[in-house]
Protein chains: 2
Amino acid sequence: MSKRQKNLSVSAEALRKAEALCEINGLKLTKLRKQVLKLIWRKPGYVKAYDLLDELKKIDPSAKPPTIYRTLDFLIENGLIHKLQSLNAFIGCHHPHEHNECYFLICDSCQKIEECCSKKINNVVASTSKNNNFIPNKVTFEIAGTCQNCLN
Amino acid sequence: MSKRQKNLSVSAEALRKAEALCEINGLKLTKLRKQVLKLIWRKPGYVKAYDLLDELKKIDPSAKPPTIYRTLDFLIENGLIHKLQSLNAFIGCHHPHEHNECYFLICDSCQKIEECCSKKINNVVASTSKNNNFIPNKVTFEIAGTCQNCLN
DNA sequence: ACAAATATGTTATAATATAACATTAATATT
DNA sequence: AATATTAATGTTATATTATAACATATTTGT
């Protein structure tokens, strides 16, 4: 399977998951939201908001910054995508609603992102919070560095 | 000791540490850099770049965005302050150069920041990276939520 | 004293994001 | 079905965050 084919199937799978989840949860995955989600998945790595806006404009020339940012907000709130805080960028979530704590390995060299979800990390977040009498709400955990592929 | 006094002494201590470290490492803590570092420590929580710029302008009316951003870059590179990626904000480091991995508990309610450094977290970063054949460079770990004080 | 490197000054603009209000579409209520 | 309510989208304007590019000054090394 070619890279492009693989990406297409990942994207299609993500879209199906998103539709199913919105159905179940009574969320409206409108035409606009679906288009944006599709655009996000179309790129192999992460996407920047204004790049997304440029893509969207090709479909809907009247699109403007609030169009994108509102849609991103919806997708983030409902766990369909994540914001990478250290990059001001966005990326599709591979397992929406399974849980809400995701961690990222960001390759500085090839821009690829690895989404990691580990019990160990969750435990550390929980224990760190507990030790400080802190009630966690949103966790940002991003490790930038070099991926295996780029080391060679 | 009053809150203000405490803050003053924390700030003074931080400044002394910064001076000592720059001395040792052959870094130039110029007048501008020291002023900015002082302004950062003067606030109890975190600071935004343009707020800092406004403060700096009171001392030096010719200050402009690059003045602040360049100075922040120097301070970050040399471990004297941290950038909070999820807030686009800056905060002084309590233990510059002791190590470079710091984690933050950010109270959404009172804006106070707790700087946490834990072996456990370092271990998780190391093991997560290793499991993914990833060489970590910069870690962003920020937990937003509610602090003990704000729960009551 | 001179060259090179570093730091700062200055202008302009890029990149990221939101406020505020208008309109349209979907849903619920009578 | 008509109406009210809520949710989504459209639109204009502007706020916020950050950097590029080039000029000048200061410090450091030779």
Side-chain angles (χ1 to χ4, degrees), chain A residues 18-19 22-23 25-40 43 46-78 80-91 111 138 140 142, chain B residues 18-19 22-23 25-40 43 46-78 80-91 111 138 140 142:
Chain A
E19 281 171 353
C22 287
E23 184 68 44
N25 295 291
L27 300 169
K28 278 176 278 190
L29 193 61
T30 61
K31 191 180 155 197
L32 172 64
R33 288 165 178 171
K34 208 186 293 190
Q35 276 173 341
V36 171
L37 188 55
K38 220 180 278 185
L39 290 174
I40 291 170
K43 303 267 169 178
Y46 58 79
V47 209
K48 307 286 285 180
Y50 275 75
D51 290 344
L52 215 43
L53 177 55
D54 289 341
E55 292 302 311
L56 184 59
K57 275 180 173 164
K58 292 179 189 168
I59 303 169
D60 173 4
S62 79
K64 288 175 188 61
T67 316
I68 280 296
Y69 280 103
R70 278 198 293 232
T71 305
L72 290 171
D73 284 347
F74 171 88
L75 297 171
I76 291 166
E77 267 166 30
N78 296 298
L80 299 171
I81 66 168
H82 297 289
K83 176 168 187 182
L84 299 169
Q85 300 287 352
S86 61
L87 295 173
N88 294 323
F90 304 87
I91 189 163
Q111 275 70 263
K138 204 194 66 180
T140 299
E142 299 169 11
Chain B
E19 280 171 353
C22 288
E23 183 67 43
N25 295 290
L27 301 169
K28 278 174 276 188
L29 193 61
T30 61
K31 191 180 157 196
L32 172 63
R33 290 165 176 172
K34 207 187 292 190
Q35 275 173 340
V36 171
L37 188 55
K38 220 180 276 186
L39 290 174
I40 292 170
K43 303 266 168 176
Y46 57 79
V47 209
K48 306 285 286 181
Y50 275 74
D51 290 344
L52 214 45
L53 178 56
D54 290 341
E55 292 302 310
L56 184 58
K57 275 181 174 165
K58 292 178 189 169
I59 303 168
D60 172 4
S62 80
K64 288 174 188 62
T67 317
I68 281 296
Y69 281 101
R70 278 198 291 231
T71 305
L72 289 171
D73 284 347
F74 171 88
L75 297 171
I76 290 167
E77 265 166 31
N78 296 296
L80 299 171
I81 65 169
H82 297 290
K83 177 169 187 181
L84 299 168
Q85 299 288 352
S86 60
L87 294 173
N88 295 320
F90 305 86
I91 188 161
Q111 276 69 263
K138 203 195 67 180
T140 299
E142 300 169 13

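In what follows, chains carry the letters A, B, and so on, assigned in the order in which the sequence lines appear, proteins first and then strands, with residues in each chain numbered from 1.
Regarding Leu32(A), its CG atom lies at a distance of 17 Å from the P atom of dT24(C), rounded to whole Å. Atom CZ in Arg33(A) sits about 12 Å away from atom C1' in dA26(C), given to the nearest Å. Following rounding to the nearest Å, Asp54(B) (CG) and dT17(D) (P) show an atom-to-atom distance of 11 Å. Computed from coordinates, the Asp51(B) CG to dT17(D) P distance equals 8 Å when rounded to whole Å. Following rounding to the nearest Å, Asn78(B) (CG) and dT6(C) (P) show an atom-to-atom distance of 13 Å. Atom CG of Leu29(B) and atom P of dT26(D) are 19 Å apart (whole Å). Protein atom CG of Leu72(A) is 15 Å distant from nucleotide atom C1' of dA8(D), rounded to whole Å. Going from atom CG of Leu75(A) over to atom P of dA8(D) covers 12 Å, rounded to whole Å.
Closest contact between the side chain of Phe90(B) and the listed nucleotides dA18(D), dT12(D), dA8(D) involves dA18(D). Side chain of Pro66(B), nearest nucleotide from dA20(D), dT11(D), dT17(D): dA20(D). The side chain of Pro65(B) lies closest to dA18(D) when the candidates are dA18(D), dT8(C), dT9(D). When distances run from any side-chain atom of Thr67(A) to the nucleotides dT12(D), dG10(D), dT8(C), the shortest one goes to dG10(D). Residue Asn88(A) places its side chain closer to dA17(C) than to any other of dT6(C), dA17(C), dG10(D).
Once rounded to the nearest 0.5 Å, the distance linking NE2 of His82(B) with OG1 of Thr140(B) reads 11.0 Å. Rounding to the nearest 0.5 Å gives a distance of 5.5 Å between CG of Leu53(B) and CD1 of Ile68(B).
Each of Asp73(A) and Lys28(A) was assigned the nucleotide of DNA chain C with the nearest heavy atom; the assignment lying further toward the 5' end belongs to Asp73(A). Heavy-atom distances to DNA chain D give each of Arg70(B) and Ala49(B) a nearest nucleotide, and the one nearer the 5′ end belongs to Ala49(B). For Lys64(B) and Leu27(B), each mapped to the nucleotide of DNA chain C holding its nearest heavy atom, the one lying further toward the 5' end belongs to Leu27(B).
An aromatic stacking contact between Tyr69(B) and the base of dT19(D) is absent, as defined here by ring centres under 5.5 Å apart and ring planes under 30° from parallel.
Between the side chain of Asp60(A) and the backbone N or O of Leu56(A) there is no donor-acceptor pair closer than 3.5 Å. Looking only at distances, a side-chain donor or acceptor of Lys48(A) sits under 3.5 Å from a matching main-chain atom of Leu87(A). Using modelled atom types, one side-chain atom of Glu142(B) and one backbone atom of Gln85(B) make a donor-acceptor pair closer than 3.5 Å.
Lys31(B) comes within contact range of no nucleotide atom at all, as no heavy-atom separation falls under 4.0 Å.
Look at Lys48(B) and you won't find any side-chain N or O under 4.0 angstrom from OP1 or OP2 of dT16(D).
A donor-acceptor contact under 3.5 Å is not formed by the side chain of Tyr50(B) with the base of dA15(D).
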